[in-house]
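Just so we're clear, the structure is a prediction, and the values are computed from it rather than from any experiment. In what follows, every chain begins at residue 1, and chains take the letters A, B, ... in the order their sequences are listed.
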There are 2 protein chains.
Amino acid sequence: MLGRASLTDVARAAGVSVGAASKALRGKPGVSEATRKKVNEIAERLNYEPNPIAQTLVSGKSGSIGMFAADQGSFSSPIMAGVQNELSANGVTVLLSNAFGDVRLERQCIDALLARNVDGLLIVNHNTNIRPPLHEEVPVPVVYAYAASSDERDCSITVDNVEAGRMAVRHMAEIGRDRIAIVCGEASSKAAIDRLQGAMEMMDELGLTPVNIPRFGTWMAEWSRQEILRLIDAGTAFDAVICQSDVLAMGALDVLHTHGISVPQDVALMGHDDWGPIVLNTNPPLTSMSNALDEIGRLAARRLMDAMDGKPSHGVEYASCALMRRASTDC
Amino acid sequence: MLGRASLTDVARAAGVSVGAASKALRGKPGVSEATRKKVNEIAERLNYEPNPIAQTLVSGKSGSIGMFAADQGSFSSPIMAGVQNELSANGVTVLLSNAFGDVRLERQCIDALLARNVDGLLIVNHNTNIRPPLHEEVPVPVVYAYAASSDERDCSITVDNVEAGRMAVRHMAEIGRDRIAIVCGEASSKAAIDRLQGAMEMMDELGLTPVNIPRFGTWMAEWSRQEILRLIDAGTAFDAVICQSDVLAMGALDVLHTHGISVPQDVALMGHDDWGPIVLNTNPPLTSMSNALDEIGRLAARRLMDAMDGKPSHGVEYASCALMRRASTDC
DNA sequence: TTGTAGGCGTTATCAC
DNA sequence: GTGATAACGCCTACAA
């Protein structure tokens with residue numbers, strides 16, 4: 001049990017006024033050392049904790065932020081975990097709100113958060129597609145995580161998928177592969193577009209050309225199976241496959257095995273997202289580009305806190321993605 | 001922008017006292033119809049919303065609950081989503097706190113939530129192992145989700161893994177398979193133990209015996225590969241494999257394919273957990289027992305709200321798991 | 001250095 | 001039916 005003792009209780013027990021007690025507890029000047037010491041002792045003994053609700057009411061600041069998940073998806077959770085990790089270390093509480101992808105709910109979710117006097121807003125999406133900024137003007141700082149705001153003046157934290165695409169190709173080249181096939185995800189996904197752009201850039205810089213014409217499809221393994229099958233049926237020679245997601249890589253691996261093509265000896269294979277349940281359980285374990293979701297969360301939280309301190313950031317900032325090297329490219 | 005207008009503003013604009021305005025807005029008796037109408041009009045025009053912080057301060061009730069994630073894991077998110085879904089529909093805000101598996105953090109997380117006057121507490125774990133109840137006495141109702149409390153008087157919502165184990169075997173029998181192998185997860189996991197118990201019970205009732213001696217191992221696909229390999233090497237005949245997780249089933253599928261055993265024709269295969277990214281992307285798609293995570297979340301939220309309304313529940317309640325039938329047992 | 005008073009926005013309890 | 005007034009717990013003047 002906690003919080004039962006009020007400031008009044010402490011003041012009375014210490015034989016001083018609430019005003020004095022308040023100052024003493026908060027380390028403000030204008031109190032004698034003797035009083036300060038006594039008040040602190042009593043507070044300790046009474047297990048006194050200031051009531052955040054009352055503090056909020058009088059100050060307008062709540063020491064909490066609102067985390068708004070615009071949609072649902074497995075990528076949101078690690079981001080939110082990063083956010084919480086960073087914030088709870090600083091004593092900031094998180095109010096959660098979720099629109100489950102329903103855009104019409106967005107406004108009322110934000111309003112509910114605002115009504116509880118959150119000091120800042122963190123907008124999380126589960127993909128990296130550019131998103132519209134909040135409809136209305138909000139009176140607190142806002143940071144967007146993963147999906148960047150279309151308004152350049154907003155502060156957004158996301159991952160640099162172009163760079164991720166580049167790193168993937170560079171890795172394949174570094175292990176000596178030069179006949180690289182690329183399996184893309186959905187055309188409507190900015191992640192797919194960016195990763196492809198980066199991959200093609202790096203291919204170009206290295207004087208390489210993909211052995212297939214990269215085509216957009218879906219994020220399902222079935223699509224990847226089709227693509228690899230097509231490659232095999234066409235008799236195309238290839239020694240590396242970069243899939244734009246781990247699920248796609250899982251599908252590719254399936255077809256490769258079925259055709260007696262061994263990974264990584266015959267074909268090196270890698271994915272994107274570095275999604276634990278998959279990359280650690282395929283055979284062999286899958287090399288993948290990490291999205292740095294946890295770091296995005298931490299970074300977003302830090303930028304938000306800075307902004308709440310009056311030091312706002314603007315524009316898009318990128319968490320640095322990393323290559324997670326495993327057996328599927330270990331040769 | 002919202003919430004700027006206070007009750008005082010409304011009262012002044014309507015030319016009545018705050019007391020009258022309050023009663024009018026809240027539909028309480030003791031106000032003339034004329035006054036009520038006028039006040040409501042003004043409030044509407046001023047876009048008035050009562051300040052939840054002030055309401056909390058005076059009433060001690062905050063209209064919010066604390067959701068505490070004791071640990072981190074992919075099963076927590078769907079549960080939390082279910083909780084939010086149910087609560088937000090009832091205008092209840094969720095304060096989030098996460099101990100990331102650090103038991104020493106637990107108490108201070110709970111205290112932080114309590115300090116913000118949450119009206120109830122929802123404790124979520126990412127596995128079904130029985131967990132100790134909250135250390136200290138808390139002054140609000142508590143509901144445990146997924147991991148049940150060891151105290152029978154507490155209210156816990158989880159999934160009936162014994163029943164899930166039974167259903168899995170029954171399904172295999174229904175599609176005509178009677179030489180069933182079972183691959184278990186970790187011995188330290190109650191889910192593994194319960195699913196095995198259920199499976200053995202049903203085997204018994206049907207007069208069947210597993211073709212292997214079910215052994216506990218790990219939750220990694222590697223373990224499952226070993227088990228299936230051992231089975232094949234031993235020359236054991238089998239026409240069905242039940243894996244205690246989808247990841248394990250993924251490993252099994254891998255080995256079966258490698259050995260030219262087709263699923264489901266030669267061997268029917270199923271998993272547990274019904275985990276989207278896996279079950280929909282294996283080839284063939286994987287039949288699996290759903291853990292009803294979303295329903296657990298909803299149910300837990302509902303029980304908590306009931307308890308906050310003075311109608312507490314006690315003991316363990318089970319969300320009903322369901323068989324998700326897909327191609328891997330479609331024969 | 002201290003204590004007192006006013007106010008944050010609401011609700012509830014009184015008199016009127 | 002209505003309007004003051006006192007809480008809720010805290011903070012920040014200002015007065016002693």
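- Residues passing the salt bridge (Lys or Arg N to Asp or Glu O under 4.0 Å) test with A:D119: none are found, sequence neighbours excluded.
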When the side chains of residues 309-316 of chain B are checked against the rest of the protein, which donor-acceptor pairs come out under 3.5 Å, sequence neighbours left out?
unit_1: B:H314; atom_1: ND1; unit_2: B:R153; atom_2: O; d: 2.6

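- Closest-nucleotide positions on DNA chain D for B:A54 and B:A20 were compared, and the one nearer the 5' end corresponds to B:A20.
- Rounding to whole angstrom units, CG of residue B:N51 and P of C:dG9 are separated by 7 Å.
- Taking a heavy-atom distance under 4.0 Å as the criterion, the stretch of DNA chain D touched by chain A extends 5' to 3' from D:dG9 to D:dT12.
- A:V138 and A:L114 make their closest contact through CG1-CD2, 3.8 Å (heavy atoms, listed as atom of the first residue, atom of the second, distance).
- In this structure A:A191 satisfies the side chain to side chain contact (heavy atoms under 4.5 Å, CB included) test together with A:T128, A:N161, A:S189, A:R195, sequence neighbours excluded.
- Remark: B:P133 engages B:Y144, B:S149, B:S150, B:D151, B:D154 in a side chain to side chain contact (heavy atoms under 4.5 Å, CB included) (not counting sequence neighbours).
- At the heavy-atom level, B:T56 lies nowhere under 4.0 Å from the strands shown.
- Residues B:S62 and B:S64 have side chains that bring a donor and an acceptor to within less than 3.5 angstrom of each other.
- With sequence neighbours excluded, the residues satisfying side chain to side chain contact (heavy atoms under 4.5 Å, CB included) with B:S97 are B:F68, B:C109, B:L113.
- Taking atom NZ of residue B:K61 and atom C1' of nucleotide C:dG9, one finds them 20 Å apart after rounding to whole Å.
- With sequence neighbours left out, the side-chain hydrogen bond (donor to acceptor under 3.5 Å, both in side chains) criterion links A:R12 to A:D9.
- When the nearest nucleotides of DNA chain D are assigned to A:P52 and B:G30 by heavy-atom distance, the more 5′-ward of the two goes with B:G30.
- Every residue meeting the side-chain hydrogen bond (donor to acceptor under 3.5 Å, both in side chains) condition with B:T93, not counting sequence neighbours, appears here in chain and number order: A:R116.
- The interatomic distance linking A:I53 (CD1) with C:dT10 (P) rounds to 15 Å, in whole Å.
- Applying the side-chain hydrogen bond (donor to acceptor under 3.5 Å, both in side chains) test to A:N98 and every residue at least two apart in sequence or in another chain returns A:Q72.
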Notebook entry, point to check: In the 5'-to-3' direction, what one-character label does each nucleotide of nucleotides 11-16 of chain C receive under the scheme B = base within less than 4.0 Å of a protein heavy atom, S = sugar-phosphate only, - = no such atom?
Noted result: BB----

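- A search for side-chain hydrogen bond (donor to acceptor under 3.5 Å, both in side chains) contacts involving B:E106 returns B:R131, not counting sequence neighbours.
- Overall, the helix from C:dT1-D:dA16 to C:dC16-D:dG1 carries an axis bend of 60° between its ends, with five pairs at each end and the value rounded to 10°.
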